[in-house]
Each structure stands twice: as C-alpha cells, then as structure tokens.
*Asks:* 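What follows is a structure written as structure tokens; I'll ask about it next.
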Amino acid sequence: MTPRRPLRLAVCALALASNALAGIVLADEANRSQTDKSLVGQPLGVVELFTSQGCSSCLPADAFFAELAAKENIVALAYHVDYWDYLGWKDTLSRKENTERQYEYMRAFGSRSVYTPQAVINGRSHVNGARREEVDGALARMKTSGEGMQVGIKVSRTSDRVIIDAGDAGSGPSDAHVVIVYFDPPQTIKIGKGENTGRSMTYWNAVSGIQTAGMWHGKAHRYELPMSVIAKKGGCAVLLQSVGKDGMPGPILGAALIHKP
C-alpha cells in the first residue's frame, strides 16, 4: 500500500500547479480585458465654447463651462474670439484662429452669423453655451442616437513622447483628421474695461493652438507627439474630426484629453 502515497502526493502537486497556472491565465485575461476596455473607452462628448471676456452674456456660460471642464467624461475646450474687442476690452486669451474656427463652423452649419456664447456639441450642432439644459440635452441625445463618440482613443506616455492610438471603426465612419487642440492652464483675469469692467473670472482650457497631426482612415492607427510640446502647454485634446469636401469641420468621432505631465 505504501507506493500509493507518493502517487497521491504527485497528483495533489499536479492539481495545485494546474490551479496556479489557471489563476495566472485568468489574471492575464483580466488584465487584457482591462486594457481592451481602456482602448474602447469614450467620453460622453466634446463641448467647444466660443466666448469672450468682453461679452456680458458670456459670464454665465464661462461659469458653467468651468463645471464641464472639471468632468472627466467631457472634453471641454474654450475658444476665445476677438470680434468683441471693439467694445473696449481686448480679450487677453483671444486668437484670430479661434475666430476662424467659429466661422468655419458657421459655414458648416449653414448659419448666417456667429455669436457668443456658442457651444458646439460633438462638431454636429450648436446651442447657447449659457443654457445648461440645452448643452446637457444635446450631449445625452447624441449619445443615444449614435452621434456621440464612436471611435475609441487611447493615450499613453513614455519619457519623451505621447502615444495616441485611434481605434478601428469597423463598418462605421472612415476618413478623419487627427486634430490636436492645445489649451492653457486655468487663469484668473481681471477685466479692466468694457461690458464686464471690474469683474474677475477664472478661465479654463482656453485654446492656445490647433494643429493636425495626421489622417485616420477608419482603421486602428498610432500617432506620436513629442512630450516637450505638451509640457509647454496646460494640456491638449485629441479630436478625431471628419472634414467635409469643402474643408469645413464635421462630426467629431472620438476624443481624449492629455493633461500636462
């Protein structure tokens, strides 16, 4: 009977080894699924606010925008425009490129004029940026109608670069620009003239530059940016934005935020 004892021990050892191996496999699968989940993760939407320090109607929109900028599931970008500077105060964060982007949206939407505060949602429609219910309603409606973020964007870093992985659209949309939108850290500005004289306002995610990093053609693709560029800014957003035949901006298909390291 004694020879059976080593056999039983061997069987038990084999069973323990098998269970340990199974545990490793399950843990590895869990890690992979977590990574896969991050690859397909998408924010609720993108809110692009066109605003001005010289516009009294913009103050409520700027305050609401600060709330949006604090949300992890919203990509919120503030474009300060320059066409209200004649009212007596030159917006310290305004850029002519921001104004040009708003006019491009105006033509894309078939509108006749621009206005502030204007909030463009997912590059698809616009609402009054001071009306919380309209902004929230547009984001929720687009998510359920399939007009939200459709393509996953994953951002990772090395010591000297930022790596952007745009997902695969499958049978969905194809052809879009990979747009990098740089923004400043929060700044508190005291307004000295114009309609908002004497008011102090903290402005979040004020856009300071826009560049196109490449093209996306519906399939998974990787793009890289030097870390040194990001380090000079408050952060940036990655927008996967379709462009019409006339060159005007179209629907935003995916987005992600890159914060300053």
*Asks:* Decide yes or no on side-chain hydrogen bond (donor to acceptor under 3.5 Å, both in side chains) for T51 and D62, but give the supporting numbers first.
*Replies:* CA-CA 8 Å; T51 185; D62 294 327; 2.8 Å; yes

*Asks:* Taking C-beta and beyond as the side chain, do Y83 and T116 meet within less than 4.5 Å on heavy atoms?
*Replies:* yes

*Asks:* Test question: given the 4.5 Å side-chain rule for I, L, V, M, F, W and Y, name all other residues clustered with I189, or answer none.
*Replies:* L59, W89, L93, I191, M201, Y203

*Asks:* Q241 versus L253: any side-chain heavy-atom pair under 4.5 Å?
*Replies:* no

*Asks:* For E133, is there an ion pair with R131 - N to carboxylate O distance below 4.0 angstrom?
*Replies:* no

*Asks:* Quick one: name the residues clustered hydrophobically with Y115, using the 4.5 Å side-chain heavy-atom rule over I, L, V, M, F, W, Y, and just say none if it's on its own.
*Replies:* none

*Asks:* Between E48 and I252, is any pair of side-chain heavy atoms under 4.5 Å apart?
*Replies:* yes

*Asks:* For a quick test of reading the model, state the closest non-hydrogen atom pair linking G45 to N122 and the distance between them.
*Replies:* CA-OD1, 3.3 Å

*Asks:* Is there side-chain contact between R101 and I210, with at least one heavy-atom pair below 4.5 Å?
*Replies:* yes

*Asks:* Does a side-chain N-to-carboxylate-O contact under 4.0 Å join D82 and K96?
*Replies:* no

*Asks:* Look at the aromatic rings of F109 and Y105 and report parallel, tilted or perpendicular, splitting at 30° and 60°.
*Replies:* parallel

*Asks:* Evaluate the criterion side-chain hydrogen bond (donor to acceptor under 3.5 Å, both in side chains) for residue pair R95 and N98; output intermediate values, then yes/no.
*Replies:* CA-CA 5 Å; R95 300 173 65 253; N98 294 347; 3.1 Å; yes

*Asks:* Should T188 and S200 be marked as a side-chain hydrogen bond (donor to acceptor under 3.5 Å, both in side chains) after you check the CA-CA gap, both sets of side-chain angles, and the distance that decides it?
*Replies:* CA-CA 7 Å; T188 300; S200 291; over 6 Å; no

*Asks:* What heavy-atom pair brings A169 and P173 nearest, and what distance separates the two atoms?
*Replies:* CB-O, 3.1 Å

*Asks:* In terms of side-chain geometry, is the basic nitrogen of E147 or R141 positioned less than 4.0 Å from the acidic oxygen of its partner?
*Replies:* no

*Asks:* Can a salt bridge be assigned to the pair R132 and E67 using a cut-off of 4.0 Å between side-chain N and carboxylate O?
*Replies:* yes

